[in-house]
Protein chains: 2
Amino acid sequence: MYICLMYSNELIKGTLKTIVLNLLSKEKRMYGYEITQHVKEATDGKIQLTEGALYPLLHRLEADGLLTTEKVNIGKRVRKYYSLTKNGAETSGNLVQEFREFSSTMNRLLDTFTLKPSYHG
Amino acid sequence: MYICLMYSNELIKGTLKTIVLNLLSKEKRMYGYEITQHVKEATDGKIQLTEGALYPLLHRLEADGLLTTEKVNIGKRVRKYYSLTKNGAETSGNLVQEFREFSSTMNRLLDTFTLKPSYHG
DNA sequence: CAAATATACATTGGAATCTTATGTATTAAA
DNA sequence: TTTAATACATAAGATTCCAATGTATATTTG
């Protein structure tokens with residue numbers, strides 16, 4: 001996904017990594033499905049991550065040394081837990097701060113010109 | 001561009017349209033180069049639009065009926081002014097609101113989990 | 001108990017968006 | 001006079017995400 005029912009979904013590109021790393025900086029370890037559910041609940045369904053976006057990202061982050069994994073058997077199923085590496089924790093903090101700054105800059109920019117959106121026809 | 005010196009530039013994908021339409025909802029008409037300079041100044045250089053992203057977008061928005069153009073001769077040069085159509089003004093308002101909501105949702109989501117970004121090693 | 005739903009992983013093809021690089025040309029400043 | 005600024009434009013490539021599909025186990029519900 002990134003099924004963002006309330007938003008034109010293009011807005012969110014680039015924030016998935018931030019969301020995931022930030023979550024893992026607070027929770028010791030999480031598995032993919034758990035992440036999707038957590039984000040969904042925390043945002044009242046406003047942000048929903050798709051597997052097609054999430055799983056490849058998790059694999060990439062592991063390959064890049066930002067995450068480590070441990071497999072845990074749950075009955076006959078194998079659950080894959082992800083945790084931050086030291087590098088991942090650092091990156092997490094940076095990305096969150098970057099988003100905050102960007103968000104602030106954007107909102108200021110939009111404020112400057114959104115007093116009355118009008119049609120100058 | 002989208003040369004965002006302070007940000008990992010991926011964060012901004014999807015906001016270019018919002019920025020441009022919002023600008024044009026406040027200024028009767030603007031031309032491409034003017035838009036890049038305006039955004040640059042208004043954000044203290046934090047957001048810089050590249051021509052490679054801006055011009056194709058302007059063309060697309062015109063093709064989609066959100067913008068109209070008028071060419072003005074400046075000496076030997078032709079300057080291309082863009083203005084919002086009625087449809088464009090409506091879209092502008094929607095996109096700005098969507099960004100605000102998304103921004104708010106994201107910041108709340110990040111707040112929930114950023115008390116202390118840490119390495120659980 | 002059977003069927004539907006939830007849990008849980010994964011990959012692939014394609015769309016959309018942006019960057020980098022390149023190109024042309026005029027005008028102003030150093 | 002040469003450099004920088006103004007002003008447009010396009011093309012190739014990277015990145016990121018979505019939709020679709022696939023597999024399989026576990027739980028809930030009718």
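Order of the sequence lines sets the chain letters (A, B, ...), proteins ahead of strands, with each chain counted from 1.
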### Query
To the nearest Å, how far apart are A:Lys80 NZ and D:dA24 C1'?
16 Å
### Query
Would you say D:dT16 has OP1 or OP2 under 4.0 Å from some side-chain N or O of A:Arg60?
yes
### Message
Nearest 0.5 angstrom please: A:His59 NE2 to A:Glu62 CD, how far?
### Response
7.5 Å
### Nucleotide D:dA7, atom C1' - distance to CD of B:Glu70 in whole Å
17 Å
### Euclidean distance, A:Ile19 CD1 relative to A:Ile47 CD1, rounded to 0.5 Å
4.5 Å
### Query
Taking the side chain of B:Tyr82 as its heavy atoms from C-beta onward, which of D:dA9, C:dT27, C:dT11 lies nearest to it?
D:dA9
#### Entry: A:Pro56 vs A:Arg77, nearer the 5' end of DNA chain C by closest nucleotide
A:Arg77
### Message
If I take atom CD in residue A:Glu34 and atom C1' in nucleotide D:dA26, what distance separates them, rounded to the nearest angstrom?
### Response
17 Å
### Task
Starting from C1' on C:dT26, measure out to NZ on B:Lys71 and report it in whole angstrom.
17 Å
### Query
Is the number of heavy atoms from other residues, nucleotides or ligands under 6.0 Å of B:Glu90 CD greater than 12?
no
#### Entry: Hydrophobic cluster identity match, A:Val78 and A:Met30, side-chain contacts under 4.5 Å
no
### Task
Find the distance B:Tyr81:OH to D:dC8:C1' and express it as a whole number of Å.
14 Å
### Query
How long is the line joining CD of A:Gln37 and C1' of D:dT27, in whole Å?
15 Å
### Query
Just checking, is any N or O donor in the side chain of B:Arg100 or B:Ser104 under 3.5 Å from an acceptor N or O on the other one?
no
#### Entry: Nearest-neighbour nucleotide for the B:His59 side chain, D:dT10, D:dA7, D:dC17 considered
D:dT10
#### Entry: B:Tyr55 side chain near D:dA9 phosphate (N/O to OP1/OP2, under 4.0 Å)
no
### Task
Figure out the OH/P separation between A:Tyr31 and C:dA10, and round it to whole Å.
14 Å
### Nearest-Å distance for atom pair OH/C1', residues A:Tyr33 and C:dA10
16 Å
### Query
With nearest nucleotides of DNA chain D determined for A:Lys76 and A:Leu57 from heavy-atom distances, which residue corresponds to the more 5′ nucleotide?
A:Leu57
